Amino acid sequence: LYSMSGNFVLSGIPEIGEHVRIHTLLDRGFPNYNEPTGSIHDWKSLENYLKFTKEYSAKGMAVERFLVGSTTQIRMHQNSDNVKDHFLVRNIKGNLDVVLPSNGTVVPIQGKILSSEVSW
């Protein structure tokens with residue numbers, strides 16, 4: 001199935017975005033998409049996703065890079081004053097980075113990187 005505009009296939013995030021308004025899309029690869037993905041050989045899916053983000057950005061959807069370690073990127077918008085001391089989302093992993101729970105420092109994941117993920 002294609003989107004209403006016919007510009008992209010309805011699959012994954014593009015399908016959700018076609019049916020549910022996304023105000024801000026958090027994307028671990030934005031804006032350069034130069035990080036390993038684990039599915040880097042599936043360029044067709046990435047191209048489809050980029051067609052969706054281009055179309056919906058023009059319609060007002062914001063796209064931001066997912067900020068590993070951030071406690072402010074995802075926040076409450078309604079009734080925020082009532083819950084500000086009780087609501088917290090920390091972005092804990094993105095690409096090959098992870099945040100340490102002890103002190104919030106962002107470090108590369110330790111260990112061997114899969115060979116299919118090092119050449120992109």
Side-chain angles (χ1 to χ4, degrees):
L1 293 172
Y2 280 87
S3 62
M4 289 177 56
S5 66
N7 292 334
F8 56 87
V9 175
L10 295 178
S11 175
I13 295 294
E15 183 171 11
I16 293 168
E18 184 83 352
H19 299 291
V20 178
R21 181 165 183 229
I22 299 173
H23 295 272
T24 304
L25 179 64
L26 301 180
D27 182 330
R28 69 183 181 84
F30 182 82
N32 300 320
Y33 301 95
N34 58 354
E35 299 283 342
T37 67
S39 60
I40 197 68
H41 302 291
D42 191 3
W43 291 110
K44 189 174 180 181
S45 291
L46 178 59
E47 288 172 356
N48 187 64
Y49 172 78
L50 294 176
K51 288 176 186 177
F52 160 75
T53 59
K54 181 178 179 180
E55 180 175 322
Y56 274 80
S57 291
K59 295 177 181 180
M61 178 183 77
V63 182
E64 296 177 7
R65 183 171 182 88
F66 184 82
L67 302 174
V68 178
S70 175
T71 58
T72 60
Q73 189 173 34
I74 299 173
R75 58 197 174 280
M76 185 74 72
H77 288 278
Q78 296 181 344
N79 299 319
S80 59
D81 288 338
N82 296 333
V83 297
K84 65 182 175 187
D85 295 329
H86 307 284
F87 182 84
L88 176 80
V89 176
R90 181 184 305 271
N91 302 347
I92 61 169
K93 182 189 177 298
N95 295 321
L96 298 176
D97 292 327
V98 65
V99 65
L100 298 176
S102 58
N103 60 12
T105 302
V106 177
V107 297
I109 294 173
Q110 299 298 311
K112 183 178 177 183
I113 299 171
L114 299 175
S115 61
S116 64
E117 292 186 353
V118 295
S119 59
W120 62 87

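This one's a predicted model, so the numbers in the text were calculated from it and none came from an experiment. Only this structure's heavy atoms are used, side chains among them; waters, hydrogens and symmetry mates stay out.
- A pairwise comparison of heavy atoms in Phe87 and Ile74 identifies CE2-O, 4.5 Å as the closest pair.
- Counting non-hydrogen atoms of neighbouring residues, nucleotides and ligands closer than 6.0 angstrom, the NZ atom of Lys93 exceeds 12 such neighbours.
- Atom CG of Leu10 sits about 5.5 Å away from atom CD of Glu18, to the nearest 0.5 Å.
- The two residues Gly29 and Asp27 make their nearest non-hydrogen contact at N-OD1, 2.7 Å.
- Residues Leu96 and Pro108 fail the side-chain proximity criterion, which asks for heavy atoms closer than 4.5 Å.
- Both Leu1 and Tyr49 belong to a single network of hydrophobic side chains, linked directly or stepwise wherever heavy atoms of I, L, V, M, F, W or Y lie under 4.5 Å apart.
- Taken from NZ in Lys51 to CG in Leu46, the straight-line distance is 11.0 Å, to the nearest 0.5 Å.
- With sequence neighbours left out, Arg75 forms a salt bridge (charged side-chain N to carboxylate O under 4.0 Å, His left out) with no residue at all.
- Rounding to the nearest 0.5 angstrom, the gap separating the OH atom in Tyr56 from the CD1 atom in Ile13 is 13.0 Å.
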Open item on the list: Apply side chain to side chain contact (heavy atoms under 4.5 Å, CB included) to residues Val98 and Val68 and explain how you reach the verdict.
Closed with: CA-CA 7 Å; Val98 65; Val68 178; 5.8 Å; no

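- Between the NZ atom in Lys59 and the CD1 atom in Ile22 there is a gap of 12.0 Å [rounded to 0.5 Å].
- Shortest non-hydrogen contact noted between Arg65 and Gln73 is O-NE2, 2.7 Å.
- Rounding to the nearest 0.5 Å gives a distance of 10.0 Å between CG of Asn48 and OG1 of Thr53.
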Residues 2-9 side chain polar contacts: donor-acceptor under 3.5 Å, at least two apart:
unit_1: Ser3; atom_1: OG; unit_2: Ser5; atom_2: OG; d: 3.1
unit_1: Ser3; atom_1: OG; unit_2: Gly6; atom_2: N; d: 3.2
unit_1: Ser3; atom_1: OG; unit_2: Asn7; atom_2: N; d: 3.3
unit_1: Ser3; atom_1: OG; unit_2: Phe8; atom_2: N; d: 3.4
unit_1: Ser3; atom_1: OG; unit_2: Phe8; atom_2: O; d: 3.4
unit_1: Ser5; atom_1: OG; unit_2: Asn7; atom_2: N; d: 3.2
unit_1: Ser5; atom_1: OG; unit_2: Asn7; atom_2: ND2; d: 3.2
unit_1: Ser5; atom_1: OG; unit_2: Glu55; atom_2: OE1; d: 2.7
unit_1: Ser5; atom_1: OG; unit_2: Glu55; atom_2: OE2; d: 3.1
unit_1: Asn7; atom_1: ND2; unit_2: Glu55; atom_2: OE1; d: 2.9

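- Relative ring orientation between Tyr33 and Phe30 is described as perpendicular, the plane-to-plane angle rising above 60° on a 0-90° scale split at 30° and 60°.
- Hydrophobic clustering (ILVMFWY, side-chain heavy atoms < 4.5 Å, transitive): Met61 and Leu26 are in distinct clusters.
- Note: Thr72 OG1 to Leu88 CG = 9.5 Å, rounded to the nearest 0.5 Å.
- More than 12 heavy atoms of other residues, nucleotides or ligands shown are found within 6.0 angstrom of CG on Leu50.
- The side-chain hydrogen bond (donor to acceptor under 3.5 Å, both in side chains) test applied to Asn103 returns Thr105, not counting sequence neighbours.
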